[in-house]
S.K.: 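Next up is a structure, given as structure tokens.
Computed from heavy atoms alone, side chains included, the values below leave out hydrogens, waters and symmetry copies.
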Amino acid sequence: MSNFKNNLKILIIVTILIKIIGFTYKILQARFLPFVVLSTISAINPIISLSLIISQMSIPLVLTSLISKKINHMAYYNRPLISKAIRINLISTSIVIIIMFFISTILSNTLYKNIDILTPILILFPSLYFSNMSAIIKSYLESHDKFKRTITANLLEAIIKISSILIIIILLSHLNSRQILIITSSFITFGEISSFFFLILKVKRLTKLYLVKEYDSTSLIKPGFTLTIFALVFSGYHFLEPMLYYFFTGHINIDYSKTNYIYTSIHSYCLPLFQISGFMTYIIIKIMTPALSKTNNLEENIPILNKIFLTLLFFEGLILIIIFNLGDFFLKIAYNKENLGYMMKILSLSTYLTFFSPIITMSFESHLKYKFLLKNALISSILGLLTISICSLIGNIALYAIFISGIISDLSYYILNILDFKKETTRLPFSYRNFILFFIPIILTLLQSVLGSSFSLICIIICYLFISFIFYLNKNKEPSFISDKE
């Protein structure tokens, strides 16, 4: 218990620091970089994400589950499993890089003729090798609650990334768009390389890791293949979403600059302000994945999930109230941007409605229930792509199709997962009594949007804190999810 609490404290403190660095990086990037550079970054992100998902084959997730279920003292020194995982990833990464390079070349000559996507992609592709091997090593260490090494490696990456934007700001007047992209991409690749060597030196010292050939790869590849298809569905959705958005809005003669402004504004200005929203979710997923994997079935996960729900609900409810009502203010402070407040309102509500979705997904993954995830990902992605295709052809709402499709896709995936969870366990992953608290932030947010004054916002926040305090006070006799883990 003492070791777990120490890990939790370190993880929270360093994660806060990483989030602050990442948030600052995004703010500086959006505030100082030319819009054409931001457009290029928005265009290549889905390509790199897709390449990363395919090449990883979800082996780090499978590795965590396998090790957590069979963990013992000697298992920590059994190297064949992680060695085989690295060998598989080296092969898959090489294949993916070759295929995605040809696809990127085609996109560069067709859809993205006005921007240079090939230069940063060529620089970033080698980083996939190091990123994938680092993910394997991190999952191996985290399965044994060795969070200090992995979180320090993440911190190292964040520091190197923000160094690039500081250099660009200093030299901005002497740089063109292509040079800015080269510097940004080079530092990201350098960060991945540095993180890998930091991890491998630590692991080498601890486990004397070496590559071995004698290990059956079926236990890694079979579940990894299913989970990769699941991840690929979502990545494919995000890859196709902007293409359909641009294509169909162009079909009804909406100027490309308008749709590009909305899409780039979402990803470069609005979403970075939501990084704090995923802070607690990230910590809980890192800490609780091994604990959920050690239970015998989904039914035994429910007490842990119920307490995770309450913990996340408090933070996400507070974030909803603040960002929904102060989105314009944050955009003005961060980027000196106006008239994007409506985006913050839509995104804050969408984020809140599905805040528990990653935890349900984690619970299914921890017990290798990949078929449920794959089915629901396919259904929700198809719904999202149909929605954006249809809405982009309707003149009055075409520009907002990107918001509508996102909400439809996220909500449908979340609801389908909850229904499947109930089928498997006959119970919801949270109690009905706790679910009542879910609606309170929405009601208070809408009330504040009607009242509108700064004084009423302060009163609303105090009211929410008071309601939460009373609710949690009544629950304080129950053990925390930390106790459940123990």
S.K.: Evaluate side chain to side chain contact (heavy atoms under 4.5 Å, CB included) for Phe309 paired with Leu305, printing each intermediate quantity in order.
M.R.: CA-CA 6 Å; Phe309 178 81; Leu305 293 175; over 6 Å; no
S.K.: Is there side-chain contact between Tyr400 and Cys391, with at least one heavy-atom pair below 4.5 Å?
M.R.: no
S.K.: Counting C-beta onward and ignoring hydrogens, is there a side-chain heavy-atom pair between Tyr413 and Thr361 closer than 4.5 Å?
M.R.: yes
S.K.: Under a 3.5 Å cutoff, is there a donor and acceptor pairing between the side chains of Ser392 and Tyr246?
M.R.: no
S.K.: Can you confirm whether Phe125 sits close enough to Ile48 that some side-chain heavy atom of one is under 4.5 Å from a side-chain heavy atom of the other?
M.R.: yes
S.K.: If we ignore hydrogens and angles and just use 3.5 Å, is the side chain of Thr354 paired with the main-chain N or O of Ser350 as donor and acceptor?
M.R.: yes
S.K.: Within the distance-only criterion (no hydrogens, no angle test), does the side chain of Asn89 pair as donor or acceptor with the backbone N or O of Met133 below 3.5 angstrom?
M.R.: no
S.K.: Go through the steps for Ile97 and Ser51 under the test side chain to side chain contact (heavy atoms under 4.5 Å, CB included), then give the verdict.
M.R.: CA-CA 7 Å; Ile97 286 176; Ser51 302; over 6 Å; no
S.K.: Does atom CG of Asn339 have more than 12 heavy-atom neighbours, drawn from other residues, nucleotides or ligands, at distances under 6.0 Å?
M.R.: no
S.K.: Parallel under 30°, tilted from 30 to 60°, perpendicular over 60°: which one fits the rings of Phe364 and Phe421?
M.R.: perpendicular
S.K.: Can Lys371 and Glu424 be counted as an ion pair, charged N to O under 4.0 angstrom?
M.R.: no
S.K.: Would you say the side-chain atoms of Ser104 pair up with the backbone N or O of Met100, donor to acceptor, closer than 3.5 Å?
M.R.: yes
S.K.: Answer whether the closest heavy-atom distance between the side chains of Leu340 and Tyr261 falls below 4.5 Å.
M.R.: yes
S.K.: If you take all heavy atoms of Ser94 and Tyr129, which pair is closest and at what distance?
M.R.: OG-OH, 2.8 Å
S.K.: Considering all heavy atoms of both residues, which atom of Asp116 and which atom of Thr119 are nearest to each other, and what is their separation?
M.R.: OD2-OG1, 2.7 Å
S.K.: Is it the case that over 12 heavy atoms from other parts of the model lie below 6.0 angstrom from the OH atom of Tyr342?
M.R.: yes
S.K.: Counting distance only, does the side-chain N/O of Thr184 pair as donor-acceptor with the main-chain N or O of Leu181 below 3.5 Å?
M.R.: no
S.K.: Answer yes or no: is there a side-chain heavy-atom contact under 4.5 Å between Phe438 and Phe355?
M.R.: yes
S.K.: For the residue pair Phe190 and Phe187, does the interplanar ring angle fall in the parallel (under 30°), tilted (30 to 60°) or perpendicular (over 60°) class?
M.R.: perpendicular
S.K.: Hey, does the side chain of Ser185 reach the backbone of Ile182 with a donor-acceptor pair shorter than 3.5 angstrom?
M.R.: no
S.K.: If you take all heavy atoms of Lys138 and Glu157, which pair is closest and at what distance?
M.R.: NZ-OE2, 3.4 Å
S.K.: For Ile408, run the side chain to side chain contact (heavy atoms under 4.5 Å, CB included) check against Leu386, Leu385, Leu383 and tell me which one passes.
M.R.: Leu383
S.K.: If you look at every heavy atom in Ile180 and Pro34, which pair is closest and at what distance?
M.R.: CD1-CD, 3.8 Å
S.K.: Mind checking whether Phe248 and Ile254 have side chains closer than 4.5 Å, heavy atoms only?
M.R.: no
S.K.: Mind listing the closest non-hydrogen atom pair of Ala377 and Ser380 along with its distance?
M.R.: O-OG, 3.2 Å
S.K.: Side chains of Ser39 and Asn260: is there a donor and an acceptor less than 3.5 Å apart?
M.R.: yes
S.K.: Under 3.5 Å, side chain of Asn45 to main-chain N/O of Ile41, donor-acceptor pair present?
M.R.: yes
S.K.: Carefully, step by step, assess Ser265 and Met343 under the rule side chain to side chain contact (heavy atoms under 4.5 Å, CB included).
M.R.: CA-CA 9 Å; Ser265 295; Met343 293 186 183; 4.0 Å; yes
S.K.: Suppose the criterion is salt bridge (Lys or Arg N to Asp or Glu O under 4.0 Å): which pairs have a residue in residues 34-45, not counting sequence neighbours?
M.R.: none
S.K.: Over all heavy atoms of both residues, which pair between Tyr352 and Glu316 is shortest? Give the atoms and the distance, please.
M.R.: CD1-O, 3.6 Å
S.K.: Do Glu241 and Ser405 meet the criterion of a side-chain donor-acceptor pair at a distance under 3.5 Å?
M.R.: yes
S.K.: Evaluate the side-chain proximity of Ile407 to Leu353: yes if any heavy-atom separation is below 4.5 Å, no if none is.
M.R.: no
S.K.: Take Ile47 and Leu107 through the test side chain to side chain contact (heavy atoms under 4.5 Å, CB included) and record every step on the way to the result.
M.R.: CA-CA 10 Å; Ile47 298 172; Leu107 291 174; 4.0 Å; yes
S.K.: Quick one, Ile388 and Ile404 - any side-chain contact, counting heavy atoms below 4.5 Å?
M.R.: no
